[in-house]
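To start, the structure itself, in structure tokens.
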Amino acid sequence: MRSYSLLAPAKINLYLEILGSRPDGYHELAMILQSIDLADAIDLHANGTDNIRLHCDHPQVPVDKTNLAYRAAQLMIHQFPDAFAKFGGVDIEIEKRIPVAAGLAGGSTNAAAVLVGLDLMWQLGLTQSELQELAAQLGSDIPFCIGGGTAIATGRGERLSPLPDLDNLHVILAKHRSLGVSTAWAYQTYRQQFSSSYISDPQSLKERSARVHSGGLVSAIAHKDAAKIGQSLHNDLERVVLPKYPQVQQLRQAFETAGVLGTMMSGSGPTVFALTASRTQAELVRQQVATAINDPSLEFFLAQFNPTGIKVV
Ligand code: C5P
């Protein structure tokens, strides 16, 4: 086929622990990631030229090679020159529904969709793990975005172990429209402030990273215990983002006051999410938090846990 339409879901971090530094300059992480059904729509069309052309309806999203979706297409061309010669270039159309620079892997999931879509369009027949290996060359969250669902992610974030699906939880997300946090800034600031507590011995790092598998959140997920999942949320990056951005701190407190199952900043923020047991509850929490903060620049999204990553529609 010459055209594919894909859905690219956002992710939230149910858990993010920074363990130490890596020789490649990144951080060694232990995370639990969850796809949600807030998703961008991606259309790919073979354009009969030698070019990648990117379009996006969101004014803040770059359409050049600084966009991860563009870089994903470049990587595929580089890896599979014969397929590119046969099938030609591609138009990539992104309809943005996931907020930008929000800690929800919006850019990463778009790149994952381009990898999955070009694999189909160019009839390459790549396996999920081959796609994930390519994805890891582009960014730490992109391998997860391909398969999605619920998973433990270690290493840079690219080493994945699937967890049982959670289908009974609802999410309410809130973000100030004008606020964006750079992921690189958040990690760099964390390093400046907390690197003295990093684990440096490789064996201890390995043991600590393995510990997430037997931790309270994994056990809560295995038992589908919504209350315990809510209580076990964790994100080390809150330690640098909350003090710098009082609005994010205020949101966290407003969600806590609203009596949710649990609330946490996602990734490097600034999006804060809260878990509820029903959609009705999520709507009530939205009203309560919107009234408490009363800021027209605050936007809300209601979503549900999603069992998959990139989907062809
Ligand atoms: O891999 P990605 O491009 O998504 O990472 C964005 C930034 O986040 C990196 O440039 C790095 O500063 C930081 N990061 C990190 N350790 C990780 C993942 C990301 O320090 N495991």
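Start at 1 and go down the list; that is how both ligands and their atoms are numbered.
When each atom of ligand 1 is checked for a heavy atom of Leu29 under 4.0 Å away, the hits are 17 (C), 21 (N). Here is the list of ligand 1 atoms found below 4.0 Å of a heavy atom in Gly139: 1 (O).
Heavy-atom contacts from other residues, nucleotides or ligands closer than 6.0 Å to NZ of Lys65 number 12 or fewer. Heavy atoms of other residues, nucleotides or ligands lying less than 6.0 angstrom from NZ of Lys96 number more than 12.
Of the candidates Leu261, Thr276, Val285, Thr276 is the only one forming a side chain to side chain contact (heavy atoms under 4.5 Å, CB included) with His170.
A side-chain donor-acceptor contact under 3.5 Å links Arg177 to the backbone of Pro296.
On a distance-only criterion, His27 and ligand 1 share at least one N/O pair closer than 3.5 Å. Between Asp141 and ligand 1, no N or O atom pair is found at a separation short of 3.5 Å.
Of all protein heavy atoms, the one closest to atom 8 (O) of ligand 1 is Thr183 CG2, 3.3 Å. For atom 17 (C) of ligand 1, the closest heavy atom belonging to the protein is Tyr26 CD2, 3.5 Å. With respect to atom 12 (O) of ligand 1, the closest heavy atom belonging to the protein is Ala184 CA, 3.6 Å. Distance from atom 4 (O) of ligand 1 to its nearest protein heavy atom, with residue and atom name: Ser140 N, 3.8 Å.
Using a 4.5 Å cut-off between side-chain heavy atoms of Ile, Leu, Val, Met, Phe, Trp and Tyr, with links allowed through other members, Ile146 and Leu124 fall into the same hydrophobic cluster. Residue Phe273 is grouped with residue Ile36 when hydrophobic side chains (ILVMFWY) are merged at heavy-atom distances under 4.5 angstrom, including chains of intermediate members.
Only the side chain of Tyr187 comes within contact range of ligand 1, with a heavy atom under 4.0 Å; no backbone atom does.
Separation of the His45 and Tyr4 ring centroids does not fall under the 6.0 Å cut-off.
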